[in-house]
Amino acid sequence: MPERECFGGLLTGYPEVAVDRFDGRCLNASYFLLSHLHSDHMRGLDSAELRSVLQSQPQPRLLLSRQSAALLTSWPRYAALAPHLCPLEVGVPRQLTDRLVVTALPAAHCPGSVMFLLEGGAGGTVLYTGDFRLDNHQLADMKALHDADGHPKPIQALYVDTTFCVPQRRELPTRSRSAESVLRLVTEWLDRAPDHRVNLDCKARYGYEHIFRRLHEATGMRVHVDAEKIQLYERLPDIARCVTSCASETRLHSCRPGSACLRDGSGGPLRSITLSTMFFFMNQAVDCLEHHLGGERYRVLYSFHASLGQVREMVSYLRPSRVVPCVVPPNSSLESVVALLGGASEPRLELQSGRLPTARATHWERRPSEVLQPHRQHTGRRQPPKEIKRIRPKVESPARRQGHQRSPQPAVGAQEERADAADTRPAWKSPFDSD
Ligand SMILES: [Zn+2]
Ligand SMILES: [Zn+2]
C-alpha cells in the first residue's frame, strides 16, 4: 500500500511536543504523545534513540491514556518504556509546563484511543484527533472543548483523521449497524446446523471488540482468539469475558489465519465474514454494508474511522482557524480532501502548501478576514449542527461553573516521581495490528 499519512508528528507552535511519531526530527521534542496503539502511530516507539531521549528527562514524558499504558506494557517489545509512561486520565487537563496544558479526550477508535487538546503554546489551542470515530453528541459532551458558558472554544488548528474522507461514501454505517449485520449472518448460519461455525476475519489486531461483545450478548458464545490476544484482553475485563482461548467451547472464531481450528476437517462447515473498510472503498459498486463474495464468504463494512460526514460535522462545530488533514484517503489526493471539507462548512478553507515549516503536513487555512475573533468578542452564538445543538451542554450556574473550572493536575515533573485503520498502511506491525 502507498504511504498515505501526511502528518509528520509535529504541531505548529508546539516545538516541544511530538505526537504519534517517535523518529527523525520528532526526537527533538521534550514531550511525546501517543494517541493509540496502531502501528502507523507508533513509528520509532521501540527505538533505542527514543529511549535515550526519554532517559535524559528527569520525569516520564511519554503521555498516553491509562488504558493504552496498560495495553502497551503487556507487550515485551515495549516493556523498557514502562518507566517513561505518563498515563493521562481522559478528560482531565494535565499541566506540563507553566503554560502548556494537554488534555486527553475520547476518540472512540479502539481501546485506549484518545485525541489530544493542547493549550497554552504559541500555536494557540490545538486539537489533534488521531484516528477517531465519534458520534456527534460525544463531541458536544466534552467539557474541555467548551468554555465556561458551554460554547466551543476557539480552536486555532485541527489536525484531523481524514482516512475515509472521499465523496463516494459520505457516510459509513455505525459500528452498531455493522455489528447487527454480522450478527444476522452469524445466527442465520449457526441456526442451520449444530456443527456450523463462523470465522470472523479481522484485519487489525484490535478494534473489533464491539462485534465480539454483541455476538456474546446475543448467542451466549465466546469468541475464540489466539493466545496473544487473550493476553492483551486480560487488560480489558469488559472484553475478556467475551473471548476464549478454548477453541472447542465455541462455534465463533476470530483466531489467527492458519489456526488448527480453521483448517478443513477440523470441525463443521465454516462461514467466513471479513470485517473491512478498504474493500468497500476500492470497490465502489458494492453495497455500503455487506457483500457476498460467493460460497460462504462475506464482507461486512466495519469502520473505526470517522466518515466524511462526521469529519465535516466536526469542522463545522469547532470552526477551527486551520484544518490539517493527517491522511490522504484511498483513490484520492490532498487537494480533493481540502475541496471536500472546504465545501462542507462556512467559512471557506483553502490549500496553503508548505507554508508552515514545523510540520510536514500540508495545511490549509481560512482567509485572514475569516479568522475567528477571540470568542468572547462574538456577538452571535456559534451554531452547531442540529444533532449537536439538541444535546449541547447547558449553561451552568456561576457556582457550578466555578466547580468546573480547570484544575490542572500537577505538572508531570511534580507528580511523576514515579496501537483496516492501521491495517491498510503499516510498514511494520505493532502487536495490535494484523499479521
Ligand atoms: Zn488507528
Ligand atoms: Zn479458532
Side-chain angles (χ1 to χ4, degrees), residues 1 4-5 7 19-21 33-43 45 64-65 67-68 71-72 106-116 128-134 159-164 175 186 195-210 212 215 221-230 242-273 275-278 302-306 326-327 329 419-435:
M1 274 313 222
R4 296 196 290 114
E5 299 104 62
F7 172 66
V19 191
D20 286 351
R21 284 291 295 254
L33 277 57
L34 177 60
S35 68
H36 68 289
L37 308 183
H38 280 150
S39 60
D40 50 332
H41 296 254
M42 301 171 76
R43 286 198 184 90
L45 193 64
L64 69 180
S65 71
Q67 197 171 42
S68 286
L71 294 172
L72 189 69
H109 172 65
C110 62
S113 66
V114 289
M115 310 189 292
F116 291 112
Y128 170 84
T129 69
D131 292 345
F132 83 102
R133 184 154 195 203
L134 288 165
Y159 292 74
V160 66
D161 174 14
T162 46
T163 300
F164 293 127
R175 278 175 287 199
V186 166
D195 66 338
H196 277 187
R197 303 176 304 148
V198 170
N199 174 39
L200 296 167
D201 181 8
C202 301
K203 294 294 183 190
R205 173 69 65 185
Y206 77 145
Y208 305 90
E209 294 72 22
H210 191 91
F212 295 165
L215 292 178
M221 293 180 206
R222 298 194 287 176
V223 181
H224 178 230
V225 297
D226 59 60
E228 239 171 39
K229 278 191 185 172
I230 290 286
C242 308
V243 296
T244 179
S245 58
C246 180
S248 60
E249 81 162 57
T250 184
R251 295 194 281 156
L252 302 177
H253 296 263
S254 185
C255 35
R256 197 184 284 272
S259 292
C261 50
L262 297 181
R263 289 189 199 123
D264 288 343
S266 63
L270 270 174
R271 171 174 280 183
S272 175
I273 304 170
L275 302 170
S276 66
T277 316
M278 191 58 68
Y302 182 80
S303 177
F304 31 59
H305 289 272
C326 291
V327 184
D420 242 52
D423 55 325
T424 62
R425 47 183 200 269
W428 57 274
K429 310 292 182 188
S430 85
F432 311 107
D433 290 317
S434 57
D435 296 306

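Counting convention: from 1, in listed order, for ligands and their atoms alike.
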Closest approach of C326 and T162, non-hydrogen atoms and distance? N-OG1, 3.6 Å

Minimum heavy-atom separation for S254 and L200, please, with both atom names. OG-O, 3.0 Å

May I ask you to check whether [X] brings an N, O or S atom to under 2.8 Å from the Zn ion (ligand 1)?
| X | result |
| --- | --- |
| H36 | yes |
| C110 | no |
| D40 | no |

Between the Zn ion (ligand 2) and H224, which N, O or S atom of the residue is the nearest one? ND1

To the Zn ion (ligand 2), the closest N, O or S atom belonging to H253 is ND1

Could you grab the distance from atom CZ of R251 to atom CZ of R271, nearest 0.5 Å is fine? 12.0 Å

Taken to the nearest 0.5 Å, the spacing of H41 NE2 from F7 CZ works out to 9.5 Å

Could you check L34 against D20 for side chain to side chain contact (heavy atoms under 4.5 Å, CB included), going step by step and ending with a plain yes or no? CA-CA 5 Å; L34 177 60; D20 286 351; 3.9 Å; yes

If you look at D131, which of its N/O/S atoms is nearest to the Zn ion (ligand 1)? OD2

With rounding to 10 degrees, C261 SG, the Zn ion (ligand 2) and C255 SG define an angle of 100°

